[in-house]
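Below is one structure, written out as structure tokens; comments come after it.
Nothing here was measured: the structure is a model prediction, and the numbers come from that model.
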Amino acid sequence: MPRNPRPAADAGGAGRTPLATPEEVAVYLGVPVKTLYQWHYRRTGPNVLKVGRHLRYRWQEVEAWLNAQTSYDLTA
């Protein structure tokens, strides 16, 4: 079962949002976790950070990547 996003930490992180796990991003995007790992390998998905051996995502970068995925013009 996917975890709920964690609240921001109080220790020196005023105004910061927590980093997202691949599981949280997969639920948000509606794709399998394996797809995120494939995107990371192919360098086609959202920017990812390595924290030790773990992958983490910044929510604002996930949003920016998602917004950039629109490949057609709705005004035509």
Can you tell me how far NE2 of H54 sits from CG of L49, rounded to the nearest 0.5 angstrom?
-> 13.5 Å
Hey, what do you get for CD (E61) to CZ (R56), rounding to the nearest 0.5 Å?
-> 15.0 Å
To check you understand the geometry: which heavy-atom pair defines the closest contact between [X] and [Y], and what is its length?
X	Y	answer
P32	A26	C-CB, 4.1 Å
T17	Q60	OG1-OE1, 4.1 Å
T44	W65	O-NE1, 3.1 Å
L55	P22	O-CD, 3.3 Å

Exam field: side chain Q69 to backbone L66, donor-acceptor pair closer than 3.5 Å | no
Please list, chain by chain and in numerical order, all residues satisfying salt bridge (Lys or Arg N to Asp or Glu O under 4.0 Å) with E63, sequence neighbours excluded.
-> none
Mind checking what makes ring pair (Phe, Tyr, Trp, His ring centres under 6.0 Å) contact with Y28, not counting sequence neighbours?
-> W59
Report yes if the side chains of W39 and V48 come closer than 4.5 Å at any heavy-atom pair, otherwise no.
-> no
Side chains of L29 and L36: does their closest heavy-atom pair fall under 4.5 Å?
-> yes
May I have the step-by-step check of side chain to side chain contact (heavy atoms under 4.5 Å, CB included) for R58 and N47, ending in yes or no?
-> CA-CA 8 Å; R58 289 188 175 113; N47 289 337; over 6 Å; no
